[in-house]
Amino acid sequence: MLLTTPTPHLLLGALALLAAAPLRAAPSAGCGQAPTLTGETAHTLTVHGQARRYFVKLPAGGGYDNTHAYKLIFTFHALGGSAAQVVAGTGGYLPWYGLPGLDAAAGEAAVYVAPDGVDRGWANAGGEDLAFVDALVAALEADLCIDDAHRYSTGFSYGAAMSYSIACARAKAFRAVAALSGGPISGCEGGGDPIAYYGQHGISDQMLPITMGRSMRDRFVKNNGCTAQSPQEPAKSSGTHIKTQYEGCDPAYPVTWVAFDGDHTPQPMDKGASNTFAANETWAFFSQFKQEQ
Ligand SMILES: *[C@@H]1O[C@H](CO)[C@@H](O)[C@H](O)[C@H]1NC(C)=O
């Protein structure tokens, strides 16, 4: 008798899942359905008794195909900001952090979500913001065709803090995060799992000092098995940025660090440049993870 368990069919089912699961991303329940979360208008979800607002962006030009499982990218605003600003590209942000133009050019258009914080921030009191993220993932994947192995998060300042909080608490549910000039002010529940991590910070940040960005990065340098180092950072008034790709990491979980000569800004630019490097570097980091389809 090979199987002594009272429910051998369940065990066989579980074994079949285990055999199939590690390499196969699951298309979400929204695949094949007509989407309702269309238009860049406000939607709400009630979480912890509060109506929480968010905006969704589907691939431009009617390009959404409900048989294609898309990457899902969270874009969080900073303290005092709003999702509407992230959508419109006002208040210092590029629209959706400048990513949609780059993803379309690469033929990898993604689905974006911009949520609103409580009191214009991401204090994550009692875990309410992580609960909002969980509820958003469920709502979006019920309605839209999403690749559940390719969820991402980015944001500036408090939005970086929230992305870091996701990296700490939801490393198994998200593929990668990009934290732009953040601090650990949304908390770090768990914090022991590896996840691909991009950190970017100004050497003269007056709001959230670069020491915070370095220590957030170093959590994932350790978790991801990378070789610890003190990356070179640009000199003050050099007008440059320096990118370091950590070595020795588990290949599934890279860490990239960009230090720039500047203060607290979502759109740092090199001297003489007319565009930020932040969007390109974030997209370069996220787009290295290839979907199976
Ligand atoms: C970002 O990438 C775009 C598209 O490849 C390019 O045209 C632009 O010059 C880049 N911007 C910067 C600041 O590197």
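Because the structure is a prediction, the values reported are computed rather than measured. In this chain, residues are counted from 1 in sequence order.
- Although no hydrogens or angles enter the test, the distance criterion places a donor-acceptor pair under 3.5 Å between the side chain of Asp270 and the main chain of His241.
- Taking hydrophobic clusters as Ile, Leu, Val, Met, Phe, Trp and Tyr residues chained together by side-chain heavy-atom distances below 4.5 Å, Ile166 shares a cluster with Val221.
- Under the 3.5 Å distance criterion, the side-chain polar atoms of Arg52 are left unmatched by any main-chain donor or acceptor of Thr44.
- A donor-acceptor pair shorter than 3.5 Å can be found between the side chains of Gln50 and Glu128.
- For Asn224 (side chain) and Ile195 (main-chain N/O), a donor-acceptor pair under 3.5 Å exists by modelled atom type.
- Enclosure of atom CD in Gln229 by more than 12 non-hydrogen atoms of other residues, nucleotides or ligands within 6.0 angstrom is indicated.
- Residues Gln245 and Lys243 meet the side-chain proximity criterion, which asks for heavy atoms closer than 4.5 Å.
- Ser181 places no side-chain N or O within 3.5 Å of a backbone atom of Ser157 that could act as its donor or acceptor partner.
- Checked against the 6.0 Å centroid threshold, Tyr246 and Trp257 do not count as a close aromatic pair.
- Remark: the backbone N or O of Pro266 is not paired with any side-chain donor or acceptor of Tyr97 at under 3.5 angstrom.
- In summary, the side chains of Tyr164 and Arg219 do present a donor paired with an acceptor at a separation below 3.5 Å, with no hydrogens or angles considered.
- The side chain to side chain contact (heavy atoms under 4.5 Å, CB included) with Ile146 is formed by just one residue from the set Asp148, Asp143, Leu144; it is Leu144.
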